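Following: one structure in structure tokens, then a few remarks.
Because the structure is a prediction, the values reported are computed rather than measured.
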Amino acid sequence: MLQIINIRENKEDVLKRLSIKNFKDAETIINDILELDNIRKITQKKGDDIKAESNSCSKQIGDLMKSGKKLEADALKIKTADLKITEKLIDDQLNQIELKLNNLLVTVPNTPNLNVPAGKVPEDNEVILEHGEKPTLYSNAKPHWELTSKYDIIDFELGVKLTGSGFPVYKGKGARLQRALINFFLDRATSNGYNEVQPPILVNEESGYGTGQLPDKEGQMYHASIDNLYLIPTAEVPITNIYRDVILKETDLPIKNCGYTPCFRREAGSYGKDVRGLNRLHQFDKVEIVQITHPNQSYKILEDMLDYVASLLKELGLPFRILKLCGGDMSFSSALTYDLEVWSAAQSKWLEVSSVSNFETFQTNRLKCRYKDANGKSQLAHSLNGSALALPRIVAALLENNQSQEGIKIPDVLIPYCGFNIID
RNA sequence: GGAGAAAUGGCAGAGCGGUCUAAUGCGGCAGUCUUGAAAACUGUUGUGGGUUAUACCACCGGGGGUUCGAAUCCCUCUUUCUCCGCCA
């Protein structure tokens with residue numbers, strides 16, 4: 001959520017940035033927000049004044065009662081009763097205004113960084129780096145969903161029987177490969193200074209709201225309605241919410257956390273080729289990195305995180321490219337996002353395996369995650385996160401790119417984790 | 001799941017209807033003293049709204065109520081602790 005003070009003081013800049021994101025009716029909504037904010041201030045002042053008056057009356061009544069002047073006290077009580085009625089009226093007004101204001105504020109996306117390319121569709125994203133050789137496959141090479149059944153390592157039909165489509169069962173070397181990747185990613189993250197956490201994978205409404213999944217995007221999450229809890233779509237939700245309502249010391253920054261969790265996404269409305277095999281699942285595994293930083297460090301740290309994620313792909317030997325997302329393709333909460341995509345040789349397409357974003361104060365404003373600056377003032381911190389990495393598409397690319405007549409070769413870095421060097 | 005107790009500032013802990021603008025202690029910060037540090041002493045020390053700045057307003061787990069007035073009384077929810085039951 002944007003800070004109202006920022007909208008108030010830098011309206012033109014906010015509008016300019018929102019136009020990069022193709023946010024419709026920006027000017028109308030921003031004007032409505034400013035007007036409501038104004039009304040809010042006036043209304044609150046009115047209410048505060050009346051409260052001040054009735055507070056002082058109450059004090060007087062107390063004094064009068066003590067000195068036995070009951071009649072005078074009663075007279076004052078009648079006056080206070082009138083004040084109470086007005087007070088209640090204004091409080092109700094104020095609540096409605098604040099509700100309206102908040103409802104408007106949550107519809108406004110984050111203001112992008114000025115380096116974000118304009119554009120509306122994924123084709124407008126800027127390729128900033130392409131790394132590695134795309135492998136040439138032998139003539140009867142297969143897409144990963146055929147390899148998984150050929151080697152009996154991932155069973156999609158069995159998942160349908162147990163749960164439904166999009167919930168595969170990993171078996172044998174397939175299961176071991178999952179575990180290997182998780183451990184590999186966590187080991188790399190912790191040796192890069194990230195603190196490992198293992199959060200709950202069910203979260204409450206407040207947490208969903210804190211990172212921006214709620215309100216609005218509840219359709220993307222599975223909901224355990226009896227207890228009103230949500231299955232997390234990403235570890236970002238619990239790990240970032242650790243810092244909800246927290247005031248940090250400036251010297252604590254940056255905070256670096258990582259965590260492995262399963263992730264659950266309803267993906268309502270997805271269909272067709274994109275959901276084939278491992279391309280899009282309802283449940284998948286991911287290691288996430290999250291940082292809470294000082295505002296003037298966050299863009300430097302975003303680059304560090306990007307380099308870190310790229311280093312993982314290099315170690316795995318997967319050809320990849322890095323995209324700087326255009327305004328139209330960025331997420332609602334992000335100020336700047338890089339996507340990393342690996343080349344999936346048999347499908348002949350790029351698969352997104354990581355998204356690294358700086359949210360600036362968009363999340364921390366909702367979370368009320370602040371630090372004390374040198375003057376002892378509370379300031380909103382910046383939050384960032386990135387996938388490092390999401391497993392299924394990594395597995396898809398590994399299977400497809402590394403296949404040969406003999407079987408699927410395991411990258412060297414994973415062999416100690418897998419305990420085997422080929423799937424055959 | 002059942003019964004009981006509790007929730008107060010960074011922490012501990014008093015307050016149980018009107019100077020609560022929340023005692024006191026510890027911790028933090030600044031100063032005095034010291035070559036420096038410790039100790040001692042002095043001062044300071046929550047969040048948000050609002051103001052040029054003061055005033056002023058809200059917040060004692062969350063929500064609601066009683067009252068002229070609520071940290072304090074009532075209802076409700078949540079969480080924690082103790083006991084019982086169940087259980088990996």
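Where A:Ser378 and A:Lys88 each meet RNA chain B at their nearest nucleotide, the meeting point lying more 5' is that of A:Ser378. Both A:Asp48 and A:Lys77 lie near RNA chain B, and the one whose nearest nucleotide falls closer to the 5' end is A:Asp48.
Between the P atoms of B:C84 and B:G13, the separation comes to 25 Å (whole Å). B:U72 and B:U21 have their P atoms separated by 13 Å, with the value rounded to a whole Å. Separation of the C1' atoms belonging to B:A7 and B:C77 is 14 Å when rounded to the nearest angstrom. Taking atom P in both B:G25 and B:G62, the straight-line distance is 27 Å, to the nearest Å. Distance check on atom C1': B:C20 versus B:G15 gives 9 Å, rounded to whole Å. Going from the P atom of B:G9 to that of B:U47 covers 14 Å, rounded to whole Å.
Nucleic acid contact class of A:Lys41 (heavy atoms, under 4.0 Å, all strands): sugar-phosphate only. Nucleic acid contact for A:Ser58: base, since at least one base atom lies under 4.0 Å from a heavy atom of the residue. Among the atoms of the strands shown, only primed sugar atoms or phosphate atoms (P, OP1, OP2) are found under 4.0 Å from some heavy atom of A:Lys84.
Remark: A:Lys173 is positioned above the aromatic ring of A:Phe420, its terminal NZ or CZ atom under 6.0 angstrom from the ring centre and at most 45 degrees off the axis.
Remark: B:U78 base-pairs with B:A7; criterion is Watson-Crick or G-U wobble with both hydrogen-bond distances under 3.5 Å. With both pairing distances under 3.5 Å, B:G50 is matched to nothing as a Watson-Crick or G-U wobble pair. The partner of B:U66, taking Watson-Crick or G-U wobble pairs whose two distances both stay under 3.5 Å, does not exist in any strand shown. Summarising the base pairing, B:A38 is matched to no nucleotide, lacking a Watson-Crick or G-U wobble pair whose two defining distances lie under 3.5 Å. Nucleotide B:C87 forms a pair with no other nucleotide shown, judged by Watson-Crick or G-U wobble geometry with both contacts under 3.5 Å. As the counterpart of B:C33, no nucleotide is assigned, since no Watson-Crick or G-U wobble pattern has both distances under 3.5 Å. Checking B:U44 for Watson-Crick or G-U wobble geometry (two distances, each under 3.5 Å) identifies B:G28 as its partner. Summarising the base pairing, B:C16 is matched to no nucleotide, lacking a Watson-Crick or G-U wobble pair whose two defining distances lie under 3.5 Å.
A heavy-atom distance below 4.5 Å is found between the side chains of A:Lys51 and A:Asp91. The side-chain heavy atoms of A:Tyr194 and A:Gln291, taken from C-beta on, include a pair separated by under 4.5 Å.
Ring planes of A:Tyr371 and A:His294: tilted class, angle from 30 to 60°.
Judged purely by atom type and a 3.5 angstrom limit, A:Lys324 has no side-chain atom pairing as donor or acceptor with the backbone of A:Leu336. A donor-acceptor contact shorter than 3.5 Å is absent between the side chain of A:Asn385 and the backbone of A:Glu288.
The distance from atom NZ of A:Lys256 to atom CG of A:Asn192, rounded to the nearest 0.5 Å, is 6.0 Å. A:Met221 CE to A:Leu202 CG: the interatomic distance, rounded to the nearest 0.5 Å, is 11.0 Å. With values rounded to the nearest 0.5 angstrom, A:Met1 atom CE is found 10.0 Å from A:Thr361 atom OG1. Remark: A:Phe362 CZ to A:Leu380 CG distance equals 12.5 Å, nearest 0.5 Å.
Non-hydrogen atoms lying under 4.0 Å from RNA chain B are contributed by nothing in residues 202-209 of chain A.
Contact footprint of chain A on RNA chain B: nucleotides with an atom under 4.0 Å from a non-hydrogen protein atom, first to last in 5' to 3' order, B:G18 to B:G69.
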